[in-house]
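None of these values were measured; they are calculated from a predicted model. When a ligand or atom number is given, it counts from 1 through the structure's own listing order.
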Amino acid sequence: MRNLPDLLMRDAALAAATNGIVIVDATQPDLPIVYVNQGFERLAGYRADEVLGRNCRFLQGADTDPLAIVEMRTAVAEGRGAKVVLRNYRKDGSPFWNEVVLSPVTDGERIVNYIGVQLDVTERRQAEEQVRFLAYHDPLTGLANRARVEERLADAIRDAGRVGHQVALLYLHLDHFKDINDRFGHGAGDELLRQVTERLTGIVRPRDLLARQGGDEFLIALCDVPADAAAVAAEVAERVTETLRPAFLIAGEALELSASVGVSAYPDDAA
Ligand SMILES: Cc1cc2nc3c(=O)[nH]c(=O)nc-3n(C[C@H](O)[C@H](O)[C@H](O)COP(=O)(O)O)c2cc1C
């Protein structure tokens, strides 16, 4: 059996790679592309003849992180390698997360080429974002969860304290929620929680915190109240009662719901 000559074998390996591989000429101004493999053509949707002679920045767009671009620019200026993950765009305009590894190639004296290896890490990114979201949110309602409340509250109390402001807390508990679950099933209970969330969202300001503490318990933190947090909380508690007053349409039935609301204020009630 005969082996292919080295160069042919390396060509075949480059063509077979699933990563994008780009080689640029580092002796020319603006690093023109001199080679892309099929992996790059598949990844970016451009044919080789459309990109030869161009700088790779044509893959960037409005949402590309400028810091990642600076990191690549600095690495090239310093003649070192780099690894970045950044938003790039295919020829058809669709975005993807591109993990780019840059490596300089020298002829023994100076850098003559740079090799870029690209990997579409969109799915990995989305999974990471999902994990991050779930760590701090309740999947049913999309509201902040207990862990997020602990973090945000500590920040809000500190920020308010700095300027002599207060934070008011409302603890909501839906009355007889268990009966609804028992009578109509958990699907209906879930739907009710979503509808309650929608109504509560309508009465808080964007800078306030609305959270689901678990089960049928919600929390509203009114951040940055200039004064009289207890009175402001009482007003909002009134609004909560009002917004929950109209019947909810669940499983074809109009259900009445009420909530018990407890209030406290920082620093007034702080231990
Ligand atoms: C070999 C090589 C491959 C590159 N691949 C990409 C890439 O896939 N996506 C990208 O956005 N930038 C890529 N770049 C970075 C850009 O070509 C450019 O270096 C970067 O935008 C910083 O320079 P600028 O500020 O002049 O645009 C690559 C650079 C080199 C040297």
In terms of heavy-atom contacts, does CD of Glu128 have more than 12 from other residues, nucleotides or ligands at under 6.0 Å? yes
Pairs of nitrogen or oxygen atoms, one from ligand 1 and one from the protein, closer than 3.5 Å: please tabulate them with distances.
{"unit_1": "ligand 1", "atom_1": "5 (N)", "unit_2": "Gln118", "atom_2": "NE2", "d": "3.3"}
{"unit_1": "ligand 1", "atom_1": "8 (O)", "unit_2": "Asn98", "atom_2": "ND2", "d": "3.2"}
{"unit_1": "ligand 1", "atom_1": "8 (O)", "unit_2": "Gln118", "atom_2": "NE2", "d": "2.8"}
{"unit_1": "ligand 1", "atom_1": "9 (N)", "unit_2": "Asn88", "atom_2": "OD1", "d": "2.8"}
{"unit_1": "ligand 1", "atom_1": "11 (O)", "unit_2": "Gln60", "atom_2": "NE2", "d": "3.0"}
{"unit_1": "ligand 1", "atom_1": "11 (O)", "unit_2": "Asn88", "atom_2": "OD1", "d": "3.4"}
{"unit_1": "ligand 1", "atom_1": "11 (O)", "unit_2": "Asn88", "atom_2": "ND2", "d": "3.0"}
{"unit_1": "ligand 1", "atom_1": "12 (N)", "unit_2": "Gln60", "atom_2": "NE2", "d": "3.4"}
{"unit_1": "ligand 1", "atom_1": "17 (O)", "unit_2": "Asn55", "atom_2": "OD1", "d": "2.8"}
{"unit_1": "ligand 1", "atom_1": "21 (O)", "unit_2": "Gln60", "atom_2": "NE2", "d": "2.9"}
{"unit_1": "ligand 1", "atom_1": "25 (O)", "unit_2": "Arg73", "atom_2": "NH1", "d": "2.4"}
{"unit_1": "ligand 1", "atom_1": "26 (O)", "unit_2": "Arg57", "atom_2": "NH2", "d": "3.0"}
{"unit_1": "ligand 1", "atom_1": "27 (O)", "unit_2": "Arg57", "atom_2": "NE", "d": "2.7"}

Does the Tyr89 side chain pair with the main chain of Asp63, one donor and one acceptor, at a distance under 3.5 Å? yes
Donor-acceptor check, side chain of Asn37 to backbone of Leu14, threshold 3.5 angstrom: yes or no? yes
Closer than 4.0 angstrom, basic N to acidic O: yes or no for Arg90 and Asp92? no
Side-chain donor/acceptor pairs under 3.5 Å, residues 246-261, sequence neighbours excluded:
{"unit_1": "Ser258", "atom_1": "OG", "unit_2": "Asp175", "atom_2": "OD2", "d": "2.7"}
{"unit_1": "Ser260", "atom_1": "OG", "unit_2": "Asp175", "atom_2": "OD1", "d": "2.6"}

Are Thr64 and Arg57 close enough, and set up right, to give a side-chain contact (heavy atoms from CB on, under 4.5 Å), and what steps lead you there? CA-CA 10 Å; Thr64 307; Arg57 76 173 72 79; over 6 Å; no
